**Q** 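Here's a structure for you.
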Amino acid sequence: MKTEENKDLILRLKTRHATVGIIGLGYVGLPLLQQAGQHLEVIGYDIDERRVAEIKRLSSSDSVISVSSDPQAIAQASVYIVCVPTDITEDKLPDLRHLKESARTISKLLEKGDVVIYESTVYPGCTEEECIPLLENGSGLQPHVDFVIGYAPERIVPGVEGLELATIPRVVSAGTEEGRRFVYDFYKLFINADIHIAPSIKVAEAAKIVENTQRDLNISLMNELSIIFDKLEIDTQEVLDAAATKWNFHPYKPGLVGGHCISVDPFYLLYKSRELGHEPKVIAAGREINDYLPLFVAEKLESTLLKNKVDINDARIVIFGMTFKENIDDIRNSKVVDLIMALKQKGASVTVKDNHVSNEVMQNIVGDQNENDDTLYDAAVIAVQHADIVTLGVDYFYNLLTEDKILFDLKRVVDIKDRERFQYWAL
Ligand SMILES: NC(=O)c1ccc[n+]([C@@H]2O[C@H](COP(=O)([O-])OP(=O)(O)OC[C@H]3O[C@@H](n4cnc5c(N)ncnc54)[C@H](O)[C@@H]3O)[C@@H](O)[C@H]2O)c1
């Protein structure tokens with residue numbers, strides 16, 4: 001892409017004489033469609049007909065949103081943005097099925113002068129090694145010459161106010177200098193935040209993975225400390241509060257690490273590292289600790305019940321919150337689900353309360369629940385800090401419990417002054 005062509009396409013986009021096609025309309029693609037759609041002509045494509053119907057139903061009649069499950073709907077697009085899932089397989093290896101399929105779809109629609117930008121999280125090298133060959137073969141066009149390939153990882157945090165798409169600083173890159181300039185100018189059309197241009201696609205891919213790997217590792221250290229301090233019978237938060245008085249101490253908290261990003265992305269880096277012949281130790285250890293945490297909590301609960309002469313087989317346990325974090329409805333890779341499964345496997349009868357999760361999803365995961373209002377539980381676990389769980393208040397939890405008053409407060413929702421009313425345990 002020459003500078004003139006770049007300016008021309010930006011101008012055509014700005015005046016709505018050129019179209020943007022967004023592929024994959026989930027947690028990333030839909031907000032992007034809504035934000036970019038306020039400034040540009042945008043059409044969304046998702047392979048899932050139900051998802052498309054749901055978006056249509058939820059959008060108001062005067063909305064600018066245009067979505068389809070027919071790839072031909074985005075055939076006229078000049079810029080394609082890919083937001084498809086990049087999960088891991090059961091063996092914890094990158095699952096690139098959606099990425100490859102979408103590349104094949106786009107390759108049939110690509111024309112000279114078009115731009116393809118990837119937002120999906122991948123390992124460094126993935127766009128060039130896996131996506132570009134498919135785009136090239138399917139279109140017969142020459143990458144970096146006939147069409148631009150960009151990479152612009154998404155950092156959106158669903159459910160957190162102040163971290164909306166338009167205000168989050170962004171990293172962008174592309175395969176050529178002109179491409180990088182275009183991608184920068186393009187995002188400037190609809191976001192207000194700073195945009196950092198990384199020198200190559202690989203650097204931008206690595207930056208995204210590193211952000212989430214760092215967070216995974218920092219939390220895993222806290223989780224390991226929490227396991228050790230539990231054996232030492234000292235309170236992790238008290239230790240962290242004391243240590244945090246040092247000027248260069250970084251505050252992190254222990255907790256369940258789930259979701260689609262932090263608990264998944266490090267596996268992409270592990271895969272690439274192993275492929276290159278380096279067996280990663282630190283990153284792998286962090287993942288192992290964080291994945292072990294639900295079992296640790298389940299075992300701790302089992303032993304606490306036993307100390308109170310309650311066999312886990314006879315125990316009724318109520319869990320508050322099932323999503324992977326607070327105030328959202330997303331249960332992907334939720335470690336609360338792992339905790340529920342571990343407790344059920346040990347024979348406990350588990351009741352889960354989460355107003356953010358539909359009855360259908362709840363039934364699929366938890367099965368039939370003990371919904372009797374008069375039930376007293378042998379233990380309660382506050383697993384997610386949803387606003388509507390916090391507002392239940394300490395008396396509510398107290399009155400739900402049998403006389404042992406076993407409360408596992410994984411998010412430290414209960415005030416310090418009220419903790420002595422319970423057999424209180426926290427990470
Ligand atoms: N969820 C987040 O908070 C978040 C944040 C930053 C980055 N990411 C990354 O963004 C990417 C998308 O994540 P998400 O959370 O939006 O996923 P998602 O599962 O919510 O949505 C992806 C959508 O893509 C659709 N899709 C799958 N294959 C397709 C195809 N071939 N053609 C068209 N549509 C297809 C699916 O039907 C789905 O609706 C992932 O790589 C993820 O790691 C996610």
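Start at 1 and go down the list; that is how both ligands and their atoms are numbered. Bear in mind that the values here come from a model prediction, so they are computed numbers and not experimental data.
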**Q** Measure Cys83 to ligand 1 on non-hydrogen atoms and call it side chain, backbone, both or neither using the 4.0 Å cut-off.
**A**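 Backbone only; the side chain of Cys83 stays clear of ligand 1.
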**Q** I need the atoms of ligand 1 closer than 4.0 Å to a non-hydrogen atom of Asp48, numbered in the order shown.
**A**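 Listed by number with element: 37 (O).
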**Q** May I ask you to test the Leu427-Phe296 pair for a side-chain heavy-atom distance under 4.5 Å?
**A**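 A side-chain contact under 4.5 Å exists here.
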**Q** In this structure, is the centre-to-centre distance between the rings of Tyr187 and Phe190 below 6.0 Å?
**A**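 For Phe190 and Tyr187, the ring centres are under 6.0 Å apart.
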**Q** Atom 34 (N) of ligand 1: which protein heavy atom is closest, and how many Å away?
**A**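 Checking every protein heavy atom, the shortest distance to atom 34 (N) of ligand 1 gives Ile47 N, 3.3 Å.
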**Q** Look at atom CD of Gln363 and say whether more than 12 heavy atoms of other residues, nucleotides or ligands are closer to it than 6.0 Å.
**A**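 Atom CD in Gln363 is crowded, with more than 12 foreign heavy atoms closer than 6.0 Å.
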**Q** So, is Arg155 polar-close to ligand 1, with some N/O to N/O distance under 3.5 Å?
**A**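 N/O-N/O distance below 3.5 Å does not exist for this pair.
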**Q** Quick one: do Phe422 and Phe397 satisfy ring pair (Phe, Tyr, Trp, His ring centres under 6.0 Å)? Show the steps, please.
**A** CA-CA 10 Å; Phe422 298 92; Phe397 298 116; 7.7 Å; no
**Q** What residue and atom, counting heavy atoms only, is the protein's closest point to atom 21 (O) of ligand 1, and at what distance?
**A**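 Of every protein heavy atom, Gly26 CA, 3.1 Å lies nearest to atom 21 (O) of ligand 1.
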**Q** Could you list the atoms of ligand 1 found under 4.0 angstrom from a heavy atom of Ile156?
**A**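 Numbered from 1, ligand 1 contributes 3 (O), 5 (C).
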**Q** Can you tell me if Ile416 has over 12 outside heavy atoms packed within less than 6.0 Å of its CD1?
**A**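 Not more than 12 within 6.0 Å, no.
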**Q** Any nitrogen or oxygen of Ile23, side chain or backbone, less than 3.5 Å from one on ligand 1?
**A**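 No.
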**Q** May I ask you to say whether Glu119 pairs ionically with Arg170, meaning some side-chain N is under 4.0 Å from a carboxylate O?
**A**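 Result for this pair is yes, salt bridge flagged.
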**Q** May I ask you to check if ligand 1 and Thr86 share an N or O to N or O distance below 3.5 Å?
**A**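 Such a contact does occur with ligand 1.
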**Q** One residue to check: Arg332. Relative to ligand 1, which of side chain, backbone, both or neither has a non-hydrogen atom less than 4.0 Å away?
**A**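 Contact part for Arg332 vs ligand 1: side chain (C-beta onward).
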**Q** Among Val257, Asn290, Asn333, find the residue that satisfies the side chain to side chain contact (heavy atoms under 4.5 Å, CB included) test when tested with Ile262.
**A**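 Option passing the side chain to side chain contact (heavy atoms under 4.5 Å, CB included) with Ile262: Val257.
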**Q** Please tell me whether Tyr424 and Phe408 form a close aromatic pair, meaning their ring centres lie under 6.0 Å apart.
**A**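 Aromatic pair excluded; centres sit 6.0 Å or further apart.
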**Q** Can a non-hydrogen atom of Thr105 be found less than 4.0 Å from any atom of ligand 1?
**A**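 Heavy atoms of Thr105 never come under 4.0 Å of ligand 1.
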**Q** In terms of residue, atom name and distance, what is the protein heavy atom nearest to atom 28 (N) of ligand 1?
**A**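 Here the nearest protein heavy atom works out to His98 ND1, 3.3 Å.
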**Q** Considering heavy atoms of the protein only, find what lies nearest to atom 11 (C) of ligand 1 and give residue, atom and distance to 0.1 Å.
**A**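 Residue, atom and distance for the closest contact: Val84 O, 3.4 Å.
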**Q** Salt bridge check: are Asp48 and Arg50 linked by an N-O gap of less than 4.0 Å?
**A**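 Answer for the salt bridge query: no.
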**Q** Please identify which atoms of ligand 1 are closer than 4.0 Å to at least one heavy atom of Ser102.
**A**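 Atoms satisfying the 4.0 Å criterion: 31 (N).
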**Q** Show your reasoning for whether salt bridge (Lys or Arg N to Asp or Glu O under 4.0 Å) applies to Lys335 and Asp291.
**A** CA-CA 8 Å; Lys335 293 294 147 197; Asp291 275 353; 3.4 Å; yes
**Q** Starting from atom 9 (C) of ligand 1, find the nearest protein heavy-atom neighbour and note its residue, name and distance.
**A**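 For atom 9 (C) of ligand 1, the nearest protein heavy atom comes out as Thr121 OG1, 3.5 Å.
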**Q** So which heavy atom in the protein is nearest atom 6 (C) of ligand 1, and how far is it from that ligand atom?
**A**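 Looking only at protein heavy atoms, the one closest to atom 6 (C) of ligand 1 is Glu154 O, 3.1 Å.
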**Q** Answer yes or no: does an N/O atom from Cys261 fall short of 3.5 Å to an N/O atom of ligand 1?
**A**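 No, there is no polar N/O contact under 3.5 Å.
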**Q** Give me the residue, atom name and distance of the protein heavy atom closest to atom 42 (C) of ligand 1.
**A**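 Answer for atom 42 (C) of ligand 1: His260 NE2, 3.7 Å.
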**Q** Using the rule side-chain hydrogen bond (donor to acceptor under 3.5 Å, both in side chains), only one of Asp235, Asp409, Asp230, Thr304 pairs with Trp425; which is it?
**A**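 Of the listed options, the one satisfying the test is Asp230.
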**Q** Which of these passes side chain to side chain contact (heavy atoms under 4.5 Å, CB included) with Ile65: Leu25, Val42, Leu33, Ile43?
**A**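 For Ile65, the side chain to side chain contact (heavy atoms under 4.5 Å, CB included) test succeeds with only one of Leu25, Val42, Leu33, Ile43, which is Leu33.
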**Q** Answer side chain, backbone, both or neither: which part of Arg97 comes under 4.0 Å from ligand 1, heavy atoms only.
**A**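 Neither; nothing of Arg97 gets under 4.0 Å from ligand 1.
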**Q** Of the protein's non-hydrogen atoms, which lies at the shortest distance from atom 44 (C) of ligand 1, and what is that distance?
**A**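 Checking every protein heavy atom, the shortest distance to atom 44 (C) of ligand 1 gives Val28 CG2, 3.3 Å.
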**Q** Taking both backbone and side-chain atoms of Asp46, is any N or O found less than 3.5 Å from an N or O belonging to ligand 1?
**A**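 N/O-N/O distance under 3.5 Å: yes.
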